[in-house]
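See structure below.
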Amino acid sequence: MAQVKSVRGTYDILPEAMRAHRHVVETGRAVAARYGYEEMSTPVFEFTEIFKRSLGDTSDVVTKEMYTFETRSGEQITLRPEATAGICRAFISGGLANQLPLKFFYTGPMFRYERPQKGRQRQFYQIDVELLGVAEPLGDVEIIAVGAQILRELGVLEHTVLELNTLGDPESRQAYRAVLVEYFGDHRDKLSPDSLDRLERNPLRILDSKDEGDRALVAAAPLFGDYLNDFSTEYFASVKAGLDALEIDYEVNSRLVRGLDYYTHTAFEFTTRKLGAQGAVLAGGRYDGLIETLGGRATPGIGWAAGVERLSMMLSEPPPAARPVAVVPDGEAAEREALRITQRLREEGFTVDLGFGGKYSKRMKRVGRIDAIAVVILREDALARGMATVRDLKTGEEEVSLASLSDRLARYR
RNA sequence: GUGGCUGUAGCUCAGCUGGUUAGAGCACCAGAUUGUGGAUCUGGGGGUCGUGGGUUCAAAUCCCAUCAGCCACCCCA
């Protein structure tokens, strides 16, 4: 076993896995573009303060999962655990407030210091979509629709369930939170240790506890619906109506709570059972207060992030590699000609494989191994007559002139 | 961060209750053969048995630690 290994929780994406990875990203990019989302990018690290302010001091990500370090000049820097904070920071830094609404597509690596598991690594990739400057429910609907369409085109939508919830506006949320703290506070002695901790940090999370004792308490807990103000209730109804209109299936899950502090109103998660405990495949929500929190002008926002690795794992069949046309010289004198012809074909846009050495039989073996679609065989005697043999690995071979070679190969491009 | 399971060649694994030079299949390399490519034959390279200690006359095989992966919790993409 090699003693040289990658850092825990990181891994190499070799070509075969990379094809699946790229397929996910390219599908996301293409679908998002049809909805008007343009790609942008931000640095992989930001001042630590950006994440602390945006995600909330008590969130798990901030309290125990960040890769934070000090630079030579003493600045506190953090490798981004998610993309939204950086995008909002860029929105403020770049003075983009007068160009609203803005629609962004994003992809890149994220970093979280977590215990690795299947579908959970310390460096992982996300695709993201963000919509800034739209306060209407239609924005929520569009954002969810982009996600659903990407999942559909990847062929995984049917293996997911869209869970939907509302966290209300700040007023509703604060009211409910206060009631919950009081309720669970009266039952401290019955709460699990995890939930006691949640009571301090994020009491809403207790609602989603898997501890049996907690669940009994949760069953009798006050309902969020009773504390939503009219505006929040209507807002949620509009979002659901929009999804209905688009025939996007969802299940309202009143216990769905996002771990990041900045969410308001709509929260959603496309989850799957195919990936074990890491079921969230694409998740996000509305974050109307975030940009203001970071010091910008109050600007509504909504978006989601999806795990590229998780989606890759769900693909039933990874996209195949491109099948090249192989060029095989037979005899030493044909080799230089093979080099020239290969170069010419590549310039013309063909994917061409030319072995680096070996005799004819060895090179032909390679042709089979790389799954070439056709071979151009260059024999010395034929070359002297300006001819080459094109063998279709499936249908057989024929002799063509070098001048018409490209035309003959056009069908393989 | 907590608990459990696992760790032998590139891959999948075999190595019974500890005993001379650790094996197989696939893959890889070379040669042969096939009127000349995915078949077949022969040969070959490759493992400090995750790592580090310990027990023992003797450990891949027992004990401890450590690292990594997996599973669950936690959390989330």
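Throughout, protein chains are lettered first and strands after them, A, B, ... in sequence-line order, and every chain is numbered starting at 1.
One interatomic measurement links the two molecules: NZ of A/K118 to P of B/U6, which rounds to 19 Å at whole-angstrom precision. In this entry the distance linking NZ of A/K365 with P of B/C41 reads 12 Å, nearest Å. Nucleotide B/G38 holds its P atom 18 Å from the NZ atom of A/K394, rounded to whole Å. Atom CG of A/D60 and atom C1' of B/C74 are 7 Å apart (whole Å). Between the NE2 atom of A/H159 and the P atom of B/A77 there is a distance of 22 Å, given to the nearest Å. Rounded to an integer number of Å, the gap from CG of A/L191 to P of B/C74 is 14 Å. With rounding to whole Å, A/R201 atom CZ is found 11 Å from B/C75 atom C1'. Rounded to whole angstrom, the span from the CZ atom of A/R366 across to the P atom of B/C28 amounts to 12 Å.
Base-pair partner of B/C74: not found among the strands shown (Watson-Crick or G-U wobble, both distances under 3.5 Å). Nucleotide B/G44 forms a Watson-Crick or G-U wobble pair with B/C28, both donor-acceptor distances falling under 3.5 Å. Pair assignment for B/G7 gives B/C67, based on Watson-Crick or G-U wobble hydrogen-bonding distances that are each under 3.5 Å. Both distances falling under 3.5 Å, in either a Watson-Crick or a G-U wobble arrangement, place B/C62 opposite B/G54.
At a cut-off of 3.5 angstrom, counting only N and O atoms as typed in the model, there is no donor on one side facing an acceptor on the other between the side-chain of A/R112 and the base of B/C75. One N or O donor and one acceptor, one from the side chain of A/R310 and one from the base of B/C76, sit under 3.5 Å apart. In the interface, the side chain of A/R115 is not paired with the base of B/G69 through any donor and acceptor atom under 3.5 Å apart.
Of the N and O atoms on the side chains of A/S192 and A/D211, not one donor lies less than 3.5 Å from an acceptor on the other residue.
Across the P atoms, B/C5 and B/U66 are found 15 Å apart, a figure rounded to whole Å. The P atoms of B/G44 and B/G38 are separated by 23 Å, rounded to the nearest whole Å. Annotation: B/U48 and B/U8 have their P atoms spaced 13 Å apart (nearest Å).
Taking for each of A/D330 and A/A305 the nucleotide of RNA chain B with the nearest heavy atom, the 5'-most of the two is the partner of A/D330. Along RNA chain B, the nucleotide nearest A/F124 and the nucleotide nearest A/D208 are compared for position; the residue whose nucleotide lies closer to the 5' end is A/D208.
Looking at residues 368-389 of chain A, you'll see A/R369 sit with a heavy atom under 4.0 Å from some atom of RNA chain B.
The shortest distance between the side-chain N/O atoms of A/Q117 and the OP1/OP2 oxygens of B/G69 is not below 4.0 Å. For the pair A/K359 and B/A32, the criterion of a side-chain N or O lying under 4.0 Å from OP1 or OP2 is met. Remark: A/R120 is not in phosphate contact with B/C75, judged by side-chain N or O atoms under 4.0 Å from OP1 or OP2. Put simply, A/K64 has no side-chain N or O that comes within less than 4.0 Å of OP1 or OP2 on B/C74. The side chain of A/R391 contributes no N or O atom lying less than 4.0 Å from OP1 or OP2 of B/G37. Applying the 4.0 Å criterion to OP1 and OP2 of B/C67, one finds that A/K5 has every side-chain N and O outside that range.
Using a cutoff of 4.0 Å between basic side-chain nitrogens and carboxylate oxygens, A/R340 and A/E337 are scored as salt-bridged. Electrostatic pairing of A/D60 and A/K64 counts as a salt bridge here, judged by a charged N lying under 4.0 Å from a carboxylate O.
Residue A/G9 is in sugar-phosphate contact alone, with no base atom involved, counting any heavy-atom pair closer than 4.0 Å across all strands shown. Counting non-hydrogen atoms under 4.0 angstrom, A/Q121 reaches a base of the nucleic acid. Residue-level contact check: A/L393 touches the bases, meaning some heavy atom is under 4.0 Å from a base atom. A/D128 comes within contact range of no nucleotide atom at all, as no heavy-atom separation falls under 4.0 Å. Looking at heavy-atom distances under 4.0 Å, A/V367 makes no contact with the nucleic acid at all. Heavy atoms of A/G284 sit nowhere under 4.0 angstrom from any nucleic acid atom.
A donor-acceptor pair under 3.5 Å links the side-chain atoms of A/R53 to the main chain of A/L294, judged by distance alone. Side-chain atoms of A/R173 do not come within 3.5 Å of backbone N or O of A/G168 as any donor-acceptor pair. A donor-acceptor pair under 3.5 Å links the side-chain atoms of A/D288 to the main chain of A/G301, judged by distance alone. Between the side chain of A/R408 and the backbone N or O of A/L402 there is no donor-acceptor pair closer than 3.5 Å.
Counting only heavy atoms from C-beta outward, the side chains of A/R310 and A/M314 never approach each other to under 4.5 Å. The shortest side-chain heavy-atom distance between A/V146 and A/L131 does not fall under the 4.5 Å cut-off.
Between A/Y227 and A/Y176, the angle of the ring planes lies from 30° to 60°, which puts this pair in the tilted group.
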